[in-house]
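Numbered from 1 within each chain, the chains take letters A, B, ... in sequence-line order. The structure presented is a predicted model; accordingly, all values stated were derived computationally and were not measured.
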Amino acid sequence: MFALVDVNSFFASCETVFRPDILGLPVVVLSNNDGCVIARSKEAKEIGIKMAVPYYQIKHLIKPHKIQVFSSNYPLYGDLSHRVMSILEELAPKLEIYSIDEAFLDVSGIDDLFEFGKKTRSTILKCTGLTVGVGIGPTKTLAKLANYAAKKWTKTQGVVDLSTIERQKKLMGIVPVGEVWGIGRQLSSRLEAMGVKTALDLANSNPKQMRKLFSVVLERTIAELNGESCLSLEEFTPVKQQIVCSRSFSQRITKLADMRQAISSYAERAAKKLRDEKQRCKHISVFIKTSPFNGNKHYLNEIAHGSMQAHSSDSRDIIHLSVRLLDKIWQDGQAYQKAGVILGDFSNENMVQVGLFDEFEQRKNSDELMKVIDEINLKKGRVWFAGQGTKQDWKMKQDLLSPSYTTKWKDIPIVKVK
DNA sequence: TCTGGGGTCCTAGGACCC
DNA sequence: TCTGGGGTCCTAGGACCC
């Protein structure tokens with residue numbers, strides 16, 4: 001048996017935890033660069049603010065509805081996420097952290113699953129101030145479906161247990177097919193055209209035929225809806241296969257010098273992530289693009305590949321190659337809106353396979369240097385590479401950032417005693 | 001004026017092998 | 001006139017997830 005636990009309106013809830021004064025008011029959290037709405041409190045949803053709408057399109061609603069707007073604050077969300085996961089681990093030792101606000105738990109052998117769900121909710125609420133929904137079922141897909149129901153209907157008290165087939169069927173009969181885990185926009189419109197409108201319709205369809213028409217993924221989803229578990233709990237997170245670091249700019253970039261700074265910064269951040277993963281990479285791509293919303297065909301999206309001579313996680317190698325790739329695809333006269341660096345083709349830092357005829361100069365003391373840099377940046381201050389520049393005018397917008405209440409000493413909330 | 005970021009998996013098709 | 005069968009690996013692109 002699986003339980004899927006996820007936090008209601010996670011980012012928006014994190015913002016209200018330390019702000020009792022805004023309780024009951026609509027809250028929205030914006031994407032990086034303060035671009036789009038990516039999280040909404042219950043009150044914000046009720047006003048009709050849709051997921052992913054551009055911020056400027058709802059700006060006129062802010063004042064009349066007293067909407068509280070926040071830039072995204074990932075240090076805060078990451079820390080609260082960690083707290084939630086630690087509590088879940090105490091309640092059910094076997095768990096898979098599926099996303100920043102969700103985890104699958106192995107709840108096999110627990111007698112009263114509904115009671116377990118209620119206990120999970122109350123414990124997390126008490127320890128973190130966050131409210132979760134709990135969905136329980138014999139497969140991950142059914143647990144997801146149960147979780148959807150737990151959040152949608154308040155009379156469930158936030159816990160739905162689908163251990164019996166009767167309850168599975170009853171719920172599937174009223175849930176639109178597009179709400180099933182793994183059924184996105186494209187699939188649901190094609191399925192609906194075929195007359196498959198609810199989750200139950202999908203569960204009752206012919207798996208072999210659906211595999212032919214669509215893919216093995218859909219065949220698995222059908223099996224999962226019928227109680228046959230195809231996706232197991234993955235307790236140990238596998239190593240990443242790629243690392244992406246990309247950002248939109250606060251203002252368009254038109255000068256190569258600025259873009260070089262940006263690419264150097266993204267390359268450095270990607271290299272740091274790579275070292276955190278204890279991997280080295282051989283593949284690097286760089287992309288730059290103009291805004292896709294310009295209407296006319298100005299949209300440009302070039303990508304370049306590089307294959308380094310040897311696997312590396314040295315920031316100097318990765319910055320150097322990234323900037324060289326950038327120079328190859330740079331075009332004057334464009335107003336660039338976004339750029340990024342992608343790393344791939346990893347190998348573990350402790351076992352690098354060298355080709356028989358490879359000839360390269362291994363940088364001396366590379367690992368030691370990177371370690372020192374990372375340590376300085378963690379504890380004592382900040383060092384960076386000259387190529388990243390000192391005055392980053394293009395840096396993303398974050399005008400409405402809340403304090404990092406739980407991760408910065410200077411931001412710790414002060415309690416006033418009257 | 002202003003529109004996010006970071007991932008995974010699968011498939012088809014081409015190039016290649018014996 | 002008639003031209004096999006069985007594989008692997010790689011890449012681009014599409015779909016999905018949060």
Reading 5' to 3' and counting Watson-Crick or G-U wobble pairs with both distances under 3.5 Å, write the dot-bracket notation for DNA chain C, | for bases paired outside the strand.
....||||||||||||||
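The shortest side-chain heavy-atom distance between A/Val177 and A/Thr198 does not fall under the 4.5 Å cut-off. Looking at A/Val69 and A/Val29, their side chains never come closer than 4.5 Å, going by heavy atoms from C-beta outward. Residues A/Asn73 and A/Glu15 meet the side-chain proximity criterion, which asks for heavy atoms closer than 4.5 Å.
Listed nucleotides: B/dG4, B/dG7, C/dC18. Nearest to the side chain of A/Asp101: C/dC18. Distances from the side chain of A/Val216 to the nucleotides B/dT3, B/dT11, B/dG5 place B/dT11 closest. When the nucleotides B/dG4, B/dT8, C/dC17 are ranked by their closest atom to the side chain of A/Trp181, C/dC17 comes out on top. Among the nucleotides B/dT3, B/dC10, C/dC16, the one closest to any side-chain atom of A/Leu187 is C/dC16. Comparing B/dC2, B/dG4, C/dC18 against the side chain of A/Tyr56 picks out B/dC2 as the nearest. For A/Lys273, counting side-chain heavy atoms from C-beta on, the closest listed nucleotide (C/dC17, B/dG4, B/dG7) is B/dG7.
Heavy-atom distances under 4.0 Å link DNA chain B to A/Gln241, A/Gln242, A/Ile243, A/Val244, A/Cys245, A/Ser246, A/Arg247, A/Ser248, A/Arg252 of residues 241-270 of chain A, given in residue order.
A sub-4.0 Å separation between OP1 or OP2 of B/dC9 and a side-chain N or O of A/Arg220 is absent. For A/Lys59, no side-chain nitrogen or oxygen approaches OP1 or OP2 of B/dT3 to under 4.0 Å. For A/Gln337 and B/dC2, the shortest distance from a side-chain N or O to OP1 or OP2 is not below 4.0 Å.
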Quick one: do A/Ser366 and A/Asp314 satisfy side-chain hydrogen bond (donor to acceptor under 3.5 Å, both in side chains)? Show the steps, please.
CA-CA 7 Å; A/Ser366 162; A/Asp314 189 311; 2.7 Å; yes
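In this structure, A/Gln398 places its CD atom 20 Å from P of B/dC2, rounding to the nearest Å. Between the NZ atom of A/Lys397 and the C1' atom of B/dG5 there is a distance of 17 Å, given to the nearest Å. Rounding to whole angstrom units, NZ of residue A/Lys338 and P of B/dC2 are separated by 16 Å. With rounding to whole Å, A/Met51 atom CE is found 17 Å from B/dT3 atom P.
A/Asp399 approaches A/Ser71 most closely through the heavy-atom pair N-OG, 3.4 Å. Closest approach of A/Leu274 and A/Ser312 over heavy atoms only: CD2-O, 3.5 Å. The two residues A/Leu88 and A/Thr120 make their nearest non-hydrogen contact at CD2-CG2, 3.7 Å.
Taking the six-membered ring where the residue is Trp, the centroids of A/Phe11 and A/Tyr74 are separated by under 6.0 Å. A/Trp181 and A/Phe2 have their aromatic ring centers separated by at least 6.0 angstrom.
For the C1' atoms, the distance linking B/dG4 with C/dC17 amounts to 15 Å, nearest Å.
Mapping A/Val239 and A/Ala52 onto DNA chain B by nearest heavy atom places A/Ala52 at the nucleotide closer to the 5' end.
For the pair A/Lys240 and A/Phe346, the cation-pi criterion (under 6.0 Å, within 45° of the ring axis) is not fulfilled.
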